[in-house]
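Structure, as structure tokens:
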Amino acid sequence: MKITLKIWRQKDSNSKGAFKTYVCDHVSPDMSFLEMLDVLNNDLIRKGEESIAFDHDCREGICGMCSLYINGHPHGPLQTTTCQLHMRSFKDGETITIEPWRAKAFPVVKDLVVDRSAFDRIQRSGGFISVNTGGVPDANEIPIPKKIADEAFDAATCIGCGACVAACKNASAMLFVSAKVSQFALLPQGKPERKERVEKMVAQMDEEGFGACTNTGACEAECPKGISITNIARMNREYFSAMTTSYEVAVGGGE
Amino acid sequence: MKLDSKIPEGPLAEKWTKHKFNVKLVNPANKRKYDVIVVGTGLAGASAAASLGELGYNVKAFCFQDSPRRAHSIAAQGGINAAKNYQNDGDSVYRLFYDTIKGGDYRAREGNVYRLAEVSVNIIDQCVAQGVPFAREYGGLLANRSFGGAQVSRTFYARGQTGQQLLLGAYSALNRQIANGKVKMYTRSEMLDVVIVDGKARGIITRDLVTGKIESHSAHAVLLCTGGYGNVFYLSTNAKGSNVTAAWRAHKKGALFANPCFTQIHPTCIPVSGDHQSKLTLMSESLRNDGRVWVPKVAKPGLKAVDAVSIPESERDYFLERKYPSFGNLVPRDVASRNAKTVCDEGRGVGATGLAVFLDFSDAIKRDGEAAIRAKYGNLFDMYAQITGDNPYKGPMMIYPAVHYTMGGLWVDYNLMTTIPGLYALGEANFSDHGANRLGASALMQGLADGYFVIPYTLGDYLAGMSYEKVSTDRPEFKEAIDTVNSRVNTLLSIKGKKTVDQFHRELGLTMWEYCGMSRSEGGLKTAKAKIQGLKKEFWSDVAVLGGAAELNQELEKALRVADLIELGELMVDDALNRDESCGGHFREESATPDGEAKRKDDEYAYVAAWEFKGEDQPEQLHKEELIFENVKLTQRSYK
Ligand SMILES: Cc1cc2nc3c(=O)[nH]c(=O)nc-3n(C[C@H](O)[C@H](O)[C@H](O)COP(=O)(O)OP(=O)(O)OC[C@H]3O[C@@H](n4cnc5c(N)ncnc54)[C@H](O)[C@@H]3O)c2cc1C
Ligand code: FES
């Protein structure tokens with residue numbers, strides 16, 4: 001296959017970027033999208049040109065490290081991660097445009113690499129259950145109905161790639177945040193802290209500069225893991241119930 | 001150097017309890033006076049950093065990805081073992097211990113393995129309390145599946161994404177400590193050296209991968225939780241970034257490297273499709289619960305999966321079931337891999353390359369229905385379809401063995417301390433618990449055992465004997481280490497050669513796979529050694545690394561890693577040459593039974609081979625730690 005690539009090149013976060021065009025004329029349909037970029041990069045280096053920086057690690061669709069906004073879609077035309085996309089999804093002779101995630105909260109670091117540390121800061125604000133190592137009950141002490149456990153699992157499969165933000169015209173992170181909020185709100189272990197959790201995570205999300213959710217559903221449609229938008233509805237309910245009911249605030253800190 | 005494993009005295013089942021009682025404790029109020037560096041945020045590192053932060057130590061944690069959640073552990077699929085005996089099928093701590101020792105072909109320490117089995121039950125409790133959504137039965141209790149090398153059902157799982165769920169659990173615990181100010185997290189930060197002061201590990205040198213800045217960090221102890229080195233083979237199931245640099249730099253500073261040649265080749269991976277291939281994808285071993293492995297009885301070159309359906313039963317050879325009736329498709333990984341290689345070597349392999357065998361679910365689908373199979377393995381089937389373009393619900397999968405895990409690693413004692421005082425190794429980075437072959441679902445168990453339940457005790461024992469005094473990063477030891485790192489970086493950038501880093505890495509991988517892979521011989525290993533030495537010279541004179549030092553430079557990152565992998569490759573070959581026996585994943589052609597099974601030589605090789613670095617281009621020195629078996633009787637493994 002012969003493919004023309006228009007790729008965003010940007011030296012660093014302070015420089016202005018621009019598209020550059022490359023032609024690859026020995027692309028095999030069995031190559032993954034990232035393998036196609038590997039081949040291009042190796043060709044560039046041999047010609048004395050600097051390779052194109054992009055994030056990736058597992059190449060199995062699970063670590064959430066790869067990104068790329070391909071022909072106007074995060075992770076390209078299929079509902080999968082870029083590392084799991086293969087060139088057989090493109091046509092011979094096609095021109096493919098590759099950009100980094102575009103969002104205020106995800107500044108470009110270099111070329112196609114962006115800074116997604118805002119996601120980590122949201123998780124730190126409350127995406128956990130406060131238990132220390134050791135001294136916990138037996139794992140089978142609290143039965144959890146299979147349906148609930150499965151639903152919590154579905155929410156928990158978010159890989160934190162940021163495609164939802166990249167897909168959203170408001171660059172909202174609601175799908176990402178709601179997935180974690182839902183996982184813990186569903187499980188009995190997560191119930192004691194559910195109110196503080198949702199309040200803190202939403203507050204942090206706003207502070208990071210993610211946009212508001214206007215229910216367009218683009219996030220769900222582009223999510224490589226099929227995280228459902230019903231999580232957003234659940235988070236909204238959690239949030240409003242947290243705001244409208246009071247909860248015990250530990251005074252003086254219990255030891 | 002005398003290697004002291006520090007295994008506590010006393011009966012097997014009491015060793016760990018006694019040891020926990022005997023270790024020195026650090027008073028809660030004094031813990032905050034100690035700084036601990038944790039390199040790596042996979043299951044081992046994240047669980048260690050979180051647990052140590054909870055205890056009150058000041059922790060600095062590092063990873064090279066953009067988030068601690070992306071460590072390679074995230075990719076583990078099938079499950080985690082624990083001796084809960086929830087199925088009432090005869091499991092016990094002793095049975096898990098026994099299976100692990102036997103599965104490892106009697107090349108691991110009894111004391112370590114018993115402790116691993118013992119704490120396995122706590123791990124599941126811990127994860128459930130953190131909100132890890134394990135698979136459950138309709139009654140609401142936890143579900144189990146069985147894995148290779150075991151006849152009980154003790155593997156806990158979260159669909160095909162167990163590693164992801166366990167890591168996100170550990171990551172959430174880590175996040176809580178970051179929020180509490182007890183852990184400081186450094187992402188996109190790569191450790192390039194360890195700093196030794198007065199004979200003790202007191203810090204590390206890192207490179208900030210965004211700015212290229214070389215930085216010093218000092219502490220009272222350093223924990224390497226940096227994962228395995230399977231990427232020495234270039235093609236493996238490991239994440240692309242997985243590398244040996246942290247362990248290798250420690251090795252060159254005096255930490256012994258144990259059993260480097262013990263590599264696990266996983267039997268069920270998606271076969272290679274072409275030269276562009278950048279990594280291999282594992283299909284979880286759990287698939288062997290329901291999938292049956294076969295090839296045609298008579299060679300049918302180029303046989304495709306879609307055409308396999310029309311081959312009658314009488315013309316199929318279910319070779320694992322035929323040769324190993326009691327374990328069948330669930331024989332341990334090394335046995336399954338070697339047998340797949342054998343049938344392919346006989347010319348009976350399938351697919352375009354002939355380097356593949358079928359894994360067939362048609363009986364399971366007939367028996368349980370497609371929906372049941374989808375519920376168990378849906379995401380794996382989807383992944384398979386995505387990568388190969390074939391539909392595994394309609395025809396069999398094609399699989400072939402691939403490098404997956406490295407049992408070897410930094411030598412550690414019972415306390416997980418390397419031969420450098422204050423330097424610890426946890427998780428896949430150490431060599432400790434899996435002997436010559438790791439059983440499925442035991443790496444996740446070991447990573448979390450080390451991080452949650454072992455290191456919090458054993459590190460305290462060490463720190464309790466140390467003064468609170470911090471060492472300054474202005475000391476000459478730090479300056480020297482920084483200079484070394486800088487000069488390595490600058491040398492790589494100044495070579496300006498013609499070959500890319502990937503080319504070198506691929507060549508190294510081909511050599512390792514050919515001569516130090518599934519089967520090894522003296523002649524082949526000697527060839528490999530010469531090739532690797534040549535490759536090393538060529539690398540340092542002809543590698544092309546463009547760009548600068550003070551910027552995000554992915555080629556430079558790769559070059560630094562590949563340089564270390566090349567050196568490690570040579571040591572693996574030396575180790576494989578030295579071990580003139582077949583055990584676990586290490587198959588020496590010279591040491592086989594008449595029917596081609598691996599032949600162990602317990603009289604000569606029941607030891608851990610620990611290698612000491614003696615200087616650039618000098619042969620490494622071998623130290624032996626004899627393995628003492630007081631509880632199990634060494635027998636030739638049989639899964640027949
Ligand atoms: C595809 C696949 C499936 C698997 N499935 C299973 C399974 O079902 N069950 C099972 O038990 N095991 C499984 N395993 C094995 C298991 O996943 C690993 O052995 C285990 O997760 C390793 O964990 P770890 O914490 O030791 O290291 P890793 O998870 O590899 O983490 C290494 C960490 O170290 C960091 N690091 C490394 N070097 C440096 C450096 N120089 N500087 C800074 N940071 C560094 C990385 O950033 C990362 O955070 C699987 C492995 C693979 C490849
Ligand atoms: S590289 Fe891990 S999800 Fe794509």
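In the text below, chain A, chain B and the rest are named by the order of the sequence lines, each starting its count at 1. Excluded from the calculations below are hydrogen atoms, water molecules and symmetry mates; all remaining heavy atoms, backbone and side chain alike, are included.
Both the backbone and the side chain of B:Gln126 come within contact range of chain A, judged by heavy atoms closer than 4.5 Å. Of the two parts of A:Phe184, only the side chain, counted from C-beta on, holds a non-hydrogen atom closer than 4.5 Å to a non-hydrogen atom of chain B. Of the atoms belonging to A:Asp43, not a single heavy atom falls under 4.5 Å from chain B. With a 4.5 Å cut-off on non-hydrogen atoms, A:Lys147 does not touch chain B at all. When heavy atoms are compared at a cutoff of 4.5 Å, A:Ser130 approaches chain B by way of both its backbone and its side chain. Residue contact with chain B, scored on non-hydrogen atoms closer than 4.5 Å, involves the side chain of A:Arg88 exclusively. Neither the backbone nor the side chain of A:Ser117 has a heavy atom closer than 4.5 Å to any heavy atom of chain B. For chain B, the nearby parts of A:Gln123 are the backbone and the side chain; heavy atoms of each come within less than 4.5 Å. Contact of B:Gln130 with chain A is made through backbone and side chain together, with heavy-atom distances under 4.5 Å. Heavy-atom distances place both the backbone and the side chain of B:Lys279 under 4.5 Å from chain A. Heavy-atom distances place no part of A:Ser13 under 4.5 Å from chain B, backbone and side chain included. For chain B, no part of A:Ile148 is nearby; none of its heavy atoms comes within less than 4.5 Å. In this structure, chain A has no heavy atom under 4.5 Å from any part of B:Ser73. Using a 4.5 Å cut-off between heavy atoms, B:Leu52 makes no contact with chain A at all. Heavy atoms of A:Leu78 lying under 4.5 Å from chain B belong exclusively to its side chain. Both the backbone and the side chain of A:Val131 come within contact range of chain B, each with at least one heavy atom under 4.5 Å from a heavy atom of that chain. Both the backbone and the side chain of A:Asp30 come within contact range of chain B, judged by heavy atoms closer than 4.5 Å. For chain A, the nearby parts of B:Gln386 are the backbone and the side chain; heavy atoms of each come within less than 4.5 Å. Contact of A:Leu187 with chain B is made through the side chain alone, with heavy-atom distances under 4.5 Å.
Of the N and O atoms on the side chains of B:Asp502 and B:Tyr234, not one donor lies less than 3.5 Å from an acceptor on the other residue. A:Thr157 and B:Gln161 share no donor-acceptor pair across their side chains, judged by distance under 3.5 Å alone. Counted by atom type alone, A:Glu222 and A:His75 present zero donor-acceptor pairs between their side chains at under 3.5 Å. A donor atom on one side chain and an acceptor atom on the other are found under 3.5 Å apart for A:Asp12 and A:Ser15.
To the nearest 0.5 angstrom, B:Arg154 atom CZ is 14.5 Å from B:Tyr86 atom OH.
A salt bridge between B:Lys84 and A:Asp138 is present, with a side-chain N of the basic residue lying under 4.0 Å from a carboxylate O of the acidic one.
Using non-hydrogen atoms only and a strict 4.5 Å limit, the part of residues 182-189 of chain B facing chain A consists of B:Met185, B:Arg188.
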